[in-house]
Protein chains: 2
Amino acid sequence: MKNKAAEPTKDTFKHFFNGAFSVDIVLIAYLDGSLKFLLQKKQDYPLVNEWGLPGDLILPEQDTDKAIDELLIKNIGHSDVFKSNLRAFSELNRHPLGRIITIAFYGLISFDKVPNKLPENFKWANLEANYELTLDHNHILEEAKKKFKENLIQKPVVFNLLPEKFIISDLIKIYELAFDKKVDVANFRKRIVSSKMIRSTGEFKQRYKSHGRPAEYYTYEGPTKKKSEKESILFNF
Amino acid sequence: MKNKAAEPTKDTFKHFFNGAFSVDIVLIAYLDGSLKFLLQKKQDYPLVNEWGLPGDLILPEQDTDKAIDELLIKNIGHSDVFKSNLRAFSELNRHPLGRIITIAFYGLISFDKVPNKLPENFKWANLEANYELTLDHNHILEEAKKKFKENLIQKPVVFNLLPEKFIISDLIKIYELAFDKKVDVANFRKRIVSSKMIRSTGEFKQRYKSHGRPAEYYTYEGPTKKKSEKESILFNF
DNA sequence: ACAAAAGTGTTCTGATTACACCCATGC
DNA sequence: GCATGGGTGTAATCAGAACACTTTTGT
């Protein structure tokens, strides 16, 4: 017992510290009547000219959230988006440079905050299109889409895709696109209005080159003040 | 243009490869009529004698899923549990040894698979108790509990806490414990039986030292075959 | 016989569905 | 006037909440 090895120190653990981290983001927007996500053409070795999710290697001393913000600021000019930590992707051989675990985020940006011009190596792609992305980015994209859809029905995240003032038909359109299903407009409208989550502004959308009654602008008021707070709980699957 | 720097190589990225990874798991069980989670007293420098979630540093060449399985096998004798990738925890100064990003899992183990004897430095703790855990493990625990509860109402994960054959009152008890609310037994029962998710076995639980009508054992049949598959979609918040 | 736990039935209410109808505008 | 998109009303149905009641056991 007295003959035990030397006390461990930080140095004892050196061999654990040979891994790298990166961040990637699936940034979703509602643009031109369809759902899109942001793509980046990689320019650095070893992925030159491959398309993938916006992302970067980070240094061990870099914070992941800040790294995402910096990435966004650099490329779309600001980081004013809704961000949610998706999960880590850690498959052993996911990256040719060595063991890199990536922290994936999914984000939502409202269309009024989408810049008119993107850097040359960025583009918006249709969320439903099939792209061959680099590394495991198709996998990350799928998981993000899954979480996005779950969130859409469970939490008021839609509003992050829309400006302060929006029209209900855009709200509905997003659901129809995301789930590829029709929405009963009358019932959707009644439910969302009666929930008090949105409030009418009295302003109306002027229409150009189309007719029909002008749509009223609504604005998001925050989550529902739980109406009833059920006494008994029950599963729902 | 011709004067550009040398082509980058793997070596160019060396400075990114100074980070470490770990895995941690919040393993939940339904034991002795309450919900518990597994705790480990750390024995290695620099966390000696601090209690935290079961977990370990992993080498850059180790797979995270395998690492969790090995951890479980070593300490509870098998890895036959339901596991779900929670997310990565990456705060800059979460670990005294340096930048270590941990991949957190949450897991569910059925009480018939819980070993009678645990290693000395492991114990089951009440899920609702307040412990001072090492590092950011309280934070990880909270996120795991949140996801556990979400899952309970959204997906048929409860069955992972119960043996092949179980009685409905245990099923209900888990919900009551997790949400600290009463469940209307009659309605719960009707809903779960009519869902065809569980099937009665014809076997009954013999009771010792208590009276009351014997409970029938049920068994899980798999997820509901979507009864109606709604035409129109609607949010639910 | 009675207490305790398991399991069933019935009523009432309110949410959800389906769909018909009305409104405001451009051409 | 009529086509188009926005917006409201209503009747029928169905799922959920509440709770009383029956069954089977131990003591």
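Below, chain A is the first sequence line, B the second, and so on; all start at residue 1.
- If you measure from atom CG of B/Leu234 to atom C1' of C/dT17, you get 10 Å, rounded to the nearest angstrom.
- Between A/Arg189 and D/dT8 there is a side-chain polar atom (N or O) within less than 4.0 angstrom of OP1 or OP2.
- Within the 4.5 Å cutoff, no side-chain heavy atoms of A/Lys36 are placed close to those of A/Ile28.
- When only modelled atom types and interatomic distance are considered, B/Thr201 and B/Thr219 share no side-chain donor-acceptor pair under 3.5 Å.
- Rounded to a whole Å, the NE2 atom of B/His211 is 16 Å from the P atom of C/dG7.
- Distances shorter than 4.0 Å separate some side-chain N or O of A/Arg191 from OP1 or OP2 on C/dT16.
- Interface remark: the B/Lys205 side chain does not form any donor-acceptor pair with the D/dT24 base, using a distance-only criterion of under 3.5 Å.
- Nearest nucleotide to the side chain of A/Asp184, out of C/dA18, C/dA6, D/dG7: C/dA18.
- Of the residues listed (A/Phe159, A/Tyr217, A/Tyr218), the one engaging A/Phe166 in a ring-ring contact (aromatic ring centres under 6.0 Å, His included) is A/Phe159, and it is the only one.
- Comparing A/Ala186 and B/Val193 by the nucleotide of DNA chain C that holds the closest heavy atom to each, the one mapping nearer the 5' end is B/Val193.
- Whole-Å rounding puts the A/Ile198 CD1 to D/dG6 P distance at 14 Å.
- Taking atom NZ of B/Lys182 as the reference point, atom P of D/dA17 lies 16 Å away to the nearest angstrom.
- Enclosure of atom CD in B/Gln154 by more than 12 non-hydrogen atoms of other residues, nucleotides or ligands within 6.0 angstrom is indicated.
- Here the P atom of nucleotide D/dC21 and the CZ atom of B/Arg213 are 18 Å apart, to the nearest Å.
- Across the protein-nucleic acid pair, B/Phe235 atom CZ and C/dT16 atom C1' stand 12 Å apart, rounded to whole Å.
- In this structure, A/Arg191 forms a cation-pi arrangement with B/Phe235, its terminal cationic atom sitting closer than 6.0 Å to the ring centre and no more than 45° off the ring axis.
- Side chain A/Lys190 to base C/dT16: no donor-acceptor pair is found below 3.5 Å.
- Distance, A/Glu216 CD to C/dA24 P: 12 Å, rounded to whole Å.
- Separating the CD atom of A/Glu203 from the P atom of D/dG6 is a distance of 17 Å, rounded to the nearest angstrom.
- Of the candidate nucleotides C/dA18, D/dT24, C/dT25, C/dA18 has the atom lying nearest to any side-chain atom of A/Asn187.
- The residue among A/Tyr218 and A/Asn236 whose nearest nucleotide of DNA chain D is located toward the 5' end is A/Tyr218.
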